[in-house]
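Atoms within a ligand are numbered from 1 in the order they appear, just like the ligands themselves.
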Amino acid sequence: MNPLIAPSILASDFANLEREIKMINESQADWIHVDVMDGMFVPNISFGMPVVEAVKRHASKPLDVHLMIVQPERYVDAFQQAGAYSITIHAEACPHLHRNVQQIKALGCKAGVALNPHTPVSVLENIIGDVDLVLIMSVNPGFGGQKFIPNTYRKIEHLRKLIDDHNSKALIEIDGGVNQDNAKALLDAGANVLVAGNFVFSSPDPKGVIARLKAVS
Ligand code: DX5
Ligand code: ZN
């Protein structure tokens, strides 16, 4: 099956966000991936609610909001109001992950849980039936343009088995260092959604790059 493609606007030209969103609208992308960083959970700061609202005003595709922040439960309402379709929080940031997932779902958003490269898939064993999306970080979160970590394939296979064993409908999203060279292997391992930042936005033909990723099966 063809993957869902979610270009990450972290790699886009922030001074021309309207133009970048228009490009995504006109492309074969399925979602717009929105990376929120707080300088605490990750060593970098990106943007917050006002920027997400501004993106929403121009976007014709769902906003896939990835919160790389501590205590994300303090802000999920605000991101829902800003226009998020899905809200993904980090397992490492949530001692009460089950409660926080229910909180996101009660707002009417799809609930995602992200795992850092060192976090085993097994932490999701008792919650996999409740989540709509699992985001596997294939780089350490905080920056775009990093090198893909090959152990990701093994994690996808573990997660695919966990999902199937529990009859869960969760989608598997891969985030970090995704490109044309690893896309097929990621799908073969069981991924459903591919995030791509630099690979899309550093190209002179971003729509073409998105179309080629979408065509991988
Ligand atoms: C990293 C972010 C990613 C990032 C991906 O912390 O979560 O979404 O934008 O960028 P690339 O595709 O350039 O690795
Ligand atoms: Zn992300």
Task: Flag side-chain contact, heavy atom, 4.5 Å: P141 against H90 - done: yes
Open item on the list: Can a donor-acceptor pair be found, under 3.5 Å and without considering hydrogens, that links the side chain of N198 to the backbone of F201?
Closed with: no
TODO: Working to the nearest 0.5 Å, report the span between NZ of K147 and OG of S138.
DONE: 12.0 Å
TODO: Run through L10, V193, I24, L135 and flag the one making a side chain to side chain contact (heavy atoms under 4.5 Å, CB included) with H33.
DONE: L135
TODO: Determine which of the N, O or S atoms in H66 is closest to the Zn ion (ligand 2) and give its atom name.
DONE: ND1
Task: For G177, atoms of ligand 1 separated by under 4.0 Å from a heavy atom - done: 11 (P), 12 (O), 14 (O)
Open item on the list: Quiz question: by atom type and distance under 3.5 Å, do the side chains of S86 and D64 form a donor-acceptor pair?
Closed with: yes
Task: S8 and D35: side chain donor to acceptor below 3.5 Å - done: yes
Task: Shortest protein heavy-atom distance from atom 4 (C) of ligand 1, along with the residue and atom involved - done: D35 OD2, 3.7 Å
TODO: Heavy-atom distances under 4.0 Å are what count here, so tell me which part of N198 touches ligand 1: side chain, backbone, both or neither.
DONE: both
Open item on the list: Show me which atoms of ligand 1 lie under 4.0 Å from any heavy atom of S8.
Closed with: 8 (O), 9 (O)
Task: Atoms in ligand 1 flagged as close to H66, the criterion being non-hydrogen separation under 4.0 Å - done: 7 (O)
- [ ] Report yes if some heavy atom in the side chain of W31 is under 4.5 Å from a heavy atom in the side chain of P7; otherwise report no.
- [x] no
Task: is_close_aromatic(Y85, F79), centroid dist under 6.0 Å - done: no
- [ ] Identify, by atom number and element, the atoms of ligand 1 in contact range of A196, meaning under 4.0 Å from any of its heavy atoms.
- [x] 12 (O)
- [ ] Assess whether salt bridge (Lys or Arg N to Asp or Glu O under 4.0 Å) is satisfied between K22 and E26, documenting all intermediate values.
- [x] CA-CA 6 Å; K22 196 156 172 267; E26 291 165 359; 3.6 Å; yes
Open item on the list: Checking the N or O distance criterion of under 3.5 Å, is ligand 1 in contact with N140?
Closed with: no
Task: Contacting atoms of ligand 1, where contact means under 4.0 angstrom from a heavy atom of G145 - done: 11 (P), 13 (O), 14 (O)
Task: ligand 1-proximal atoms of F199, by part, heavy-atom distance under 4.0 Å - done: neither
TODO: Using distance alone, decide if ligand 1 has a nitrogen or oxygen within less than 3.5 Å of any nitrogen or oxygen in G142.
DONE: yes
Open item on the list: Any nitrogen or oxygen of G197 lying under 3.5 Å from a nitrogen or oxygen in ligand 1? Just yes or no.
Closed with: yes
- [ ] Taking only heavy atoms of H33 into account, list the atoms of ligand 1 that are under 4.0 Å away from them.
- [x] 8 (O)
TODO: Answer yes or no: is there a side-chain heavy-atom contact under 4.5 Å between V131 and L124?
DONE: no
Open item on the list: How large, to 10°, is the angle at the Zn ion (ligand 2) when you draw lines to NE2 on H33 and to OD2 on D175?
Closed with: 100°
Task: Identity and distance of the protein heavy atom lying nearest atom 1 (C) of ligand 1 - done: F143 O, 3.5 Å
Open item on the list: Check for me whether D175 has a heavy atom closer than 4.0 Å to any atom of ligand 1.
Closed with: yes
Open item on the list: Taking 4.0 angstrom as the limit and counting only heavy atoms of P141, give me the atoms of ligand 1 inside it, by number and element.
Closed with: 6 (O)
Task: Side chains of V51 and L17 in contact at under 4.5 Å (non-hydrogen atoms) - done: yes
- [ ] Write the atom name of the N, O or S atom in D35 that is nearest the Zn ion (ligand 2).
- [x] OD1
Task: Sub-4.0 Å atoms of ligand 1 with respect to non-hydrogen atoms of M37 - done: 6 (O)
TODO: Identify the protein heavy atom lying closest to atom 10 (O) of ligand 1, giving its residue, its atom name and the separation to 0.1 Å.
DONE: G144 CA, 3.6 Å
Open item on the list: With a 4.0 Å cut-off on N to O distance, would you call D30 and K214 a salt bridge?
Closed with: yes
